[in-house]
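Notes follow once the structure below has been shown.
The shown structure was predicted, so the numbers you read here are calculated from the model rather than taken from an experiment. As the structure lists them, so they are numbered: ligands from 1, and atoms in each ligand from 1.
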Amino acid sequence: MATTLKINGTSHQVDLPDDVPLLWVLRDEVGLTGTKFGCGVAACGACTVHIDGEAVRSCQVTLSDVWGDVTTIEGVGTPDTMASIQQAWVDHQVAQCGYCQSGQIMQAAALLAENPTPTDIEIDEAMQGNLCRCGTYPRIRTAIHDAAAKLKEA
Ligand code: FES
Ligand code: FES
């Protein structure tokens with residue numbers, strides 16, 4: 001069934017079965033390949049995107065269940081917030097292989113939008129579903145604190 005999705009502020013007409021996961025709509029239909037496939041069962045967080053600002057696992061949301069505007073790593077944040085988060089990630093050289101990092105950044109962006117000054121415990125709780133096989137967790141936590149400080153300045 002043809003559906004219109006708003007993704008990163010642009011409307012896209014999608015003509016696919018209702019049960020196709022949003023992840024594959026984004027990657028294969030719309031060509032936004034920054035969102036990654038890791039497990040397909042909501043266990044890794046690599047596919048994290050926002051729907052109406054809420055961090056969701058796009059491998060588990062079917063096309064017919066998309067309830068609002070979708071934001072991906074290609075469109076997250078205002079220029080200020082994105083610059084702050086990306087710059088923090090660069091400053092702390094968070095990424096190793098990088099595969100999990102778009103999901104990590106999407107989860108972190110949702111956390112900072114809801115809680116601009118998270119504690120270590122709050123960061124760990126919010127990020128616990130985003131796995132990193134390279135073990136970048138300490139740098140992710142540091143980068144989130146730094147991004148929070150940068151956003152406060154901005
Ligand atoms: S691919 Fe969706 S949570 Fe792992
Ligand atoms: S940076 Fe390699 S899996 Fe996270």
Pull out every atom of ligand 2 sitting under 4.0 Å from any heavy atom of [X], numbered as shown with elements.
X      : result
Cys100 : 1 (S), 3 (S), 4 (Fe)
Gln96  : 1 (S)
Arg133 : 3 (S)
Cys97  : 1 (S), 2 (Fe), 3 (S)

*Indicate whether the side chain of Asn8 and that of Thr72 have a donor and an acceptor atom separated by less than 3.5 Å.*
yes
*asked:* Under a 3.5 Å cutoff, is there a donor and acceptor pairing between the side chains of Gln104 and Thr136?
replied: no
_CD (Gln13) with more than 12 external heavy atoms under 6.0 Å_ = yes
*asked:* Checking Glu29 against Val20 for the side-chain contact (heavy atoms from CB on, under 4.5 Å) test, could you report, in this order, the C-alpha distance in whole Å, the side-chain angles of both residues, the deciding distance, and whether it holds?
replied: CA-CA 11 Å; Glu29 187 73 9; Val20 171; over 6 Å; no
_Heavy-atom pairs closer than 4.0 Å: do any link ligand 1 to the side chain of Ser58, the backbone, both, or neither?_
neither
*Which is it for Cys39 and ligand 1 at heavy atoms under 4.0 Å: side chain, backbone, both or neither?*
both
*With atoms numbered from 1 as shown, which atoms in ligand 1 lie under 4.0 angstrom from a non-hydrogen atom of Ala43?*
3 (S)
*Which of the atoms in ligand 1, numbered in the order shown and given with their element, are less than 4.0 Å from a heavy-atom of Ala42?*
3 (S)
*How wide is the angle at atom 2 (Fe) of ligand 1 between SG of Cys59 and SG of Cys47, to the nearest 10°?*
100°
*Using a cut-off of strictly less than 2.8 Å, determine whether Cys134 has an N/O/S atom near atom 2 (Fe) of ligand 2.*
yes
_Does only the side chain of Gln101 get under 4.0 Å from ligand 2, or the backbone, or both, or neither? Count heavy atoms._
side chain
*Got a sec: is Cys132 within less than 2.8 Å of atom 4 (Fe) of ligand 2 via an N/O/S atom?*
yes
*After noting the C-alpha distance and the side-chain angles of Ile123 and His145, does the key distance pass the side-chain contact (heavy atoms from CB on, under 4.5 Å) rule?*
CA-CA 9 Å; Ile123 290 172; His145 281 304; 3.6 Å; yes
*Determine whether Leu22 and Arg57 make a side-chain contact, defined as any pair of heavy atoms from C-beta on separated by less than 4.5 Å.*
no
*So, Asp69 side chain and Asp52 main chain: donor-acceptor pair closer than 3.5 Å or not?*
no
_Cluster check Leu16, Ile51: I/L/V/M/F/W/Y, side chain < 4.5 angstrom_ = yes
*Would you say Cys44 reaches atom 2 (Fe) of ligand 1 with an N/O/S atom under 2.8 Å?*
no
*asked:* Quick test of your reading of the structure: of Gly98, Gly38, Gly103, Gly135, whose heavy atom lies closest to atom 1 (S) of ligand 2?
replied: Gly98
